[in-house]
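Take a look at the structure set out below.
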Amino acid sequence: MKWLRRTRPKPDTTAHEPRQGDAVSAGERSIAINTGGTPFTGTASSGDHTTIVHVPPGELRPPAEVDAPPGLVQLPARHAAFVGRERELGLLDTALDGTGAKGVPALHGLGGVGKSALAAHWAATRAGTENPIWWITADSAAGLDAGLAELARALQPALAQLPPDQLTERAVQWLATHTGWLLILDNVTDAAHTAPLLARATSGRVLITSRRATGWQATATPVPLDVLGPAESLRLVTHILTHAGTRRVDLDGAAELCDELGHLPLAVEQAGAYIAETGTTPRAYLGLLADYPADMFRERSEGGDSARTIARIWRITLDRLTDTPLAGQILRVLAWYAPAGIPRALLGPLGTPVAVQGAIGRLAAYSMITTSDDGTLNVHRLVQAVTRTPDADDPHRRAHDIDAALRLATSLLVDSAPAGWDEPAMWHLWRPLLPHIDHLDRHAPPGTPLPLHLATGLLRGLGRPRRVIARYERVLDDCVRGLGEDHHHTLRARNNLAYAYESAGEVDRAIPLYERTLADRTRVLGEDHPDTLTARNNLASAYLSAGEADRATPLFERTLADRTRVLGEDHPDTLTARNNLACAYESAGEAERAIPLLERTLADRTRVSGEDHPDTLTARHNLAAAYESAGEADRAIPLYERALADRTRVLGDDHPDTHTARHNLAAAYESAGDVDRAIPLYERALDGRTRILGEEHPYTLVSGGALAAAYVSAGHLDRAIPLYEQTLDGCRRVFGEDHPNTLVSRENLASACRSAGQAAQAVPLFERALADRIRLFGEDHPGTHTARISLAFACAFGDAPTRAATLLERALADHLRMFGEDHPDTPVLRSSLALAYEVAGDLSRAIPLYERALAGHVRVSGEDDPDTLAARSALADAYESVDDLARAIPLYERALADHVRVFGEDHPDTRMVRDNLAFAHQKAAGTGPAVT
C-alpha cells in the first residue's frame with residue numbers, strides 16, 4: 001500500500017469537540033480513521049490537515065505502462081443537421097496524416113462558422129481507428145488542464161481521487177508515451193496555452209479549433225474555415241425545417257434567407273430552429289429580420305443554448321478586445337461599407353499608423369475581419385448587420401456609438417473621394433470607393449443625407465438613379481430651407497435632381513425643373529454665366545429625350561453659339577454643345593447635317609481630352625449612330641465595335657454606358673442582317689441593364705423589346721413572346737396604358753403571336769391597339785391606319801377572312817385618301833385586300849385587285865422590285881385558281897425569268913415559281929392532279 005500526501009494551504013484552526021463514536025488522533029502528524037470495520041479506501045485528513053489518498057495496490061504505475069480502455073471516446077453529441085463540408089473533411093484527413101506540430105491543424109474562423117461542428121463530425125469518423133478520442137474545451141489554460149485531468153481519470157478510474165495537477169501531469173505523460181490517440185482542443189483562445197502540451201505529446205494526433213487566425217507559427221498549421229456554399233446552407237435549413245425530410249413545409253424564401261444570413265451555419269441553424277418552432281416561413285423570417293434585427297439576432301429556440309446565438313458569440317469575442325478600443329470603433333465603421341475590398345487607407349485618419357494597423361491586426365486575429373492578398377479588408381455581411389444594429393444590452397452596440405460610426409464612415413469616404421468625376425485620371429481613385437458609397441447609401445437609416453459629392457459619384461459611377469433621386473430631393477429641400485431659393489447650392493441641387501429624374505427615365509419630371517433652373521440662373525447669374533449655359537444645354541437635352549427635337553434644336557444652336565463666344569472653340573463645354581446639336585439634327589432625320597458636326601467633335605475631343613475621356617467615347621458612339629441613321633452600316637459597325645471595346649476597358653464591363661454601347665452594336669448587326677451576332681449582345685445588355693438600372697428602367701424595357709424582336713427575326717418565337725409580354729407589363733407600369741411605348745409593345749406582342757399562329761391571342765391584342773389609337777390619335781393618324789391593317793392580317797390568319805376584307809377595304813380607302821395612288825404602300829394594301837378576298841373564296845373580286853396591285857408596283861417600285869415579283873406571282877396563282885391557264889402560264893414564265901435574274905436559280909422563291917409553272921403546264925395538258 002502506498003500513500004501520497006498534500007498539505008492544504010489554509011489550515012482550519014477551529015477546535016472541534018469529538019463526538020461519540022469518532023476516532024480521535026493525537027500528535028502533530030497522527031491521523032484517525034473510522035472505517036466502521038471495513039478496509040480503508042479513498043482519502044483521509046491528518047490532524048495537521050494533510051490529505052492522504054489511498055491508491056489500490058498496483059494502480060500507481062508509470063503512465064507508459066497503462067493501456068487505454070477500449071472505445072474510450074468523449075465527443076459532443078454529433079450534430080444532427082451537419083451538411084456538406086466534403087472538401088474540408090478531406091483537408092482534415094490530409095492534414096492529420098502526420099504527427100508532431102506540423103501535423104496539428106488549427107481550424108480557425110469566425111464565431112458561428114461551424115468549426116466545432118466540423119471537428120466533432122470528423123472526429124466521430126475516426127472511432128475504431130484512434131483510441132482514445134478525447135474532446136477538451138480549451139478556452140483557457142485552466143480549462144485545458146481540467147480536460148487533461150478528466151482524460152487521466154478515464155484512463156485509470158482508480159486514480160480519480162488524485163489531486164488535479166497530478167492527474168493533468170499523468171495525462172500528458174500518457175499521451176507522450178502512447179500512439180494512436182486523437183485529442184481535440186476546442187475553442188483555443190491563446191496558442192501559448194497549448195504549446196507545452198504539443199511540445200511533449202507528439203506521438204498522436206491533435207486537432208485545434210479557434211477563432212484566432214494568427215499566433216500558430218510555432219505550434220500548429222492554420223487551416224481557415226469559411227461559410228457554407230449557397231447549396232449547402234440551403235440544404236441545412238431545408239434539413240431543419242423538414243425534420244430531415246419527414247414533413248412538408250413552405251420553403252419559399254429559403255434561398256434568399258440563406259443569402260441574407262451570409263451562409264453562416266450558426267445563423268442558418270438559428271433561423272431554421274426559430275421557423276420550425278414557431279411555424280412561420282422563411283419569407284416571414286426575412287421580414288422579421290428586416291423589422292426587428294436586434295431581437296432576431298439574439299433569438300434562440302426552446303432548449304437552445306443562450307450563449308450560442310450570433311449576437312452573443314461575437315460579443316464574447318469583442319469582450320476580449322476591450323483592451324484595444326480602436327478595434328471596436330473600426331469594426332463599427334467597417335459595418336457601413338461593402339463586405340469586401342475595403343481600402344485600408346480609408347481608416348488612416350482614425351489614429352496613428354501603428355494604432356490603426358494594430359487594431360486591424362487584432363480584429364483579423366480573432367477572425368472578425370479578414371485581409372485579402374491586395375491588402376484590402378473584408379467583413380462578413382452578418383457581422384456587419386449585427387454591428388450596425390443597436391442593442392442596449394451589448395456594450396459594443398450602443399446606439400450613440402453606431403450613429404457616430406455612420407457619421408465617421410461617411411466623412412472618411414468624403415475625405416477620400418477625388419474632387420471630380422470627369423477626369424479619367426481620377427477614375428482609378430473613384431472605383432474602389434463606389435461599392436462602399438453604394439453600400440452605405442443602401443443601409444443608412446431613412447432620412448440620412450448622403451453628401452452631394454458622394455451621391456454624384458454614385459449616380460455617375462454606378463448608374464443608381466432611383467436611389468439617388470431620394471437623396472437629391474432631400475438635399476434640395478435642405479438647401480431651400482437653409483440657404484434660400486437663389487443660393488448657388490440650391491440652383492445646383494435643383495439641376496442635379498432634374499438630372500437624376502432624367503437618368504431614371506422620368507423626363508416629364510425633369511423638364512419643369514430644368515426650365516426653372518434656366519430661368520433662375522439667367523435671373524441670378526446672367527445670360528453668359530457658364531452655369532446658365534449649362535442649364536440651357538440640359539433643358540435642350542431633356543427636350544430631345546422627350547422626343548421634342550423641334551424645341552431642342554434651337555436651344556442647342558443657341559448654346560453652341562454662346563459657348564463658342566464665351567468659352568472658346570476648344571472648351572469641353574463647347575465640344576459638348578456641338579455634339580448635342582448634332583444629335584438633335586440626327587433625331588430630326590437630318591443625318592447629313594449631323595455627321596460633319598460629329599466628325600469634327602470626335603476629332604476635337606480626341607485632341608483636347610484624350611482617347612479615353614468619357615466624352616470622347618460618347619462622341620465616337622454618336623458618330624457611329626449617325627452613320628447608321630444615314631444607312632452607312634460599313635462605317636457604323638467598326639465604330640460601334642471600337643466604342644464597346646473602349647467603354648469596356650475604360651468604364652468597366654458593367655457600366656451603364658458600356659451596356660448602351662453593347663445594345664447599339666447589337667442593333668447595328670441586326671440592321672445589317674446579322675441577327676446571330678446581335679442576339680448575344682442584346683442578351684448581355686438586357687441582363688446588365690436589369691441588374692444595374694432595374695427591371696422598369698426605360699433602357700431596360702428598350703433592351704427587352706429589342707431582344708424579343710431579334711428572337712422573332714431568328715424564328716425563336718417561343719423565346720420572343722414571353723419577353724414581349726414582360727416588356728408590355730413593364731411599359732404599362734412605368735409609362736401607363738396610353739403611352740406610345742405601351743402601344744408599340746402591345747402591337748409587337750400581337751405580331752409575334754400572329755407569327756406563331758396564335759390568332760386567338762393576337763386578335764384581341766390588335767383590337768385593343770386599334771381602339772387605343774383611335775381614342776388617343778384619331779382615325780386618320782398613321783399609327784391608327786397601321787393598327788387597322790395589322791388587325792386585318794391577324795383576322796385573315798385566324799380564319800376570319802371576311803372580317804379581314806372589311807378592315808382592309810377601310811384601310812385602303814383611308815390610305816388612298818391620305819396618301820394617294822402613288823404611295824409605295826398603296827399596291828401592298830391592294831394586294832393584301834385581294835388576298836383576303838381570295839381566302840374568302842371571292843376570286844371575282846380578288847383578280848381585279850391583283851391586276852391593279854401589279855400595275856401599281858411596276859409604276860411605283862419598278863419591274864425588279866421584290867414586291868413587284870411577288871405581285872406577278874400572286875396574280876398568276878389567282879388566274880390558275882380559276883383555270884385561266886392562258887393568262888396564268890405567261891405570267892408564271894415571266895415571273896420565273898425575273899426571279900432567276902434577280903434572286904438566282906436556287907432562291908426559295910425561284911423554286912416555288914418554277915414548281916407553280918410546272919403545275920400549270922401539267923394542268924393545261926390534263927396530266928395534273930385532280931382539284932376538288
[Y] backbone acceptor or donor facing [X] side chain under 3.5 Å:
X: S367; Y: R211; value: yes
X: T137; Y: D186; value: no
X: Y337; Y: A409; value: yes
X: T352; Y: A355; value: yes
X: N378; Y: G341; value: yes
X: W134; Y: G147; value: yes
X: R397; Y: P390; value: no
X: T94; Y: G90; value: yes
X: H178; Y: W174; value: yes
X: T168; Y: D145; value: yes

Decide, yes or no, whether a salt bridge links [X] with [Y] under the criterion of side-chain N to carboxylate O below 4.0 Å.
X: R126; Y: D93; value: yes
X: E150; Y: R153; value: yes
X: K115; Y: E88; value: no

Open item on the list: Consider side chain to side chain contact (heavy atoms under 4.5 Å, CB included). Of T370, L326, I330, which one does L363 pass it with?
Closed with: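 For L363, the side chain to side chain contact (heavy atoms under 4.5 Å, CB included) test succeeds with only one of T370, L326, I330, which is I330.
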Is the closest side-chain heavy-atom distance between [X] and [Y] below 4.5 Å?
X: R344; Y: T376; result: no
X: L159; Y: L162; result: yes
X: H263; Y: P230; result: yes
X: V83; Y: T238; result: no
X: L289; Y: E260; result: yes
X: D139; Y: V188; result: no
X: T219; Y: V104; result: no
X: I133; Y: L72; result: no

- [ ] Tell me, please, whether Y366 has R212 positioned over its six-membered ring: NZ or CZ under 6.0 Å from the ring centre and within 45 degrees of its axis?
- [x]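 R212 over Y366 ring: yes.
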Open item on the list: Check for me whether R388 meets the cation-pi criterion with W336, that is, NZ or CZ under 6.0 Å from the six-membered ring centre and within 45 degrees of the ring axis.
Closed with: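 Yes, R388 and W336 form such a contact.
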Task: Pair D401, H396: side-chain N/O donor-acceptor within cut-off below 3.5 Å - done: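 Side chains of D401 and H396: no pair found under 3.5 Å.
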- [ ] Establish, from distance only, whether the side-chain atoms of R170 and Q156 form a donor-acceptor pair under 3.5 Å.
- [x]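 The criterion, which ignores hydrogens and geometry beyond distance, is satisfied for Q156 and R170.
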TODO: List the steps and the verdict of salt bridge (charged side-chain N to carboxylate O under 4.0 Å, His left out) for D323 and R362.
DONE: CA-CA 10 Å; D323 58 339; R362 295 214 68 197; 2.5 Å; yes
Open item on the list: Looking at every heavy atom in both A254 and L234, which two are closest together, and how far apart are they?
Closed with: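 Where A254 meets L234 most closely, the heavy atoms are CB-CD1, 3.7 Å.
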Open item on the list: So which atom in I208 and which in T194 form the shortest heavy-atom distance, rounded to 0.1 Å?
Closed with: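 That would be CD1-OG1, 4.4 Å.
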To the closest 0.5 Å, what do you measure between [atom1] ([X]) and [atom2] ([Y])?
X: L118; Y: L92; atom1: CG; atom2: CG; value: 5.0 Å
X: D190; Y: S210; atom1: CG; atom2: OG; value: 9.0 Å
X: L225; Y: S116; atom1: CG; atom2: OG; value: 10.0 Å
X: R205; Y: T129; atom1: CZ; atom2: OG1; value: 9.0 Å
X: I369; Y: L110; atom1: CD1; atom2: CG; value: 11.5 Å
X: I136; Y: L151; atom1: CD1; atom2: CG; value: 6.5 Å

Open item on the list: Below 30° counts as parallel, above 60° as perpendicular, anything between as tilted: where do the rings of Y274 and Y285 land?
Closed with: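 If you compare the ring of Y274 with that of Y285, the planes turn out perpendicular.
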Task: From CA spacing to verdict: salt bridge (charged side-chain N to carboxylate O under 4.0 Å, His left out), R85, E232 - done: CA-CA 8 Å; R85 298 297 199 190; E232 290 178 331; 5.1 Å; no
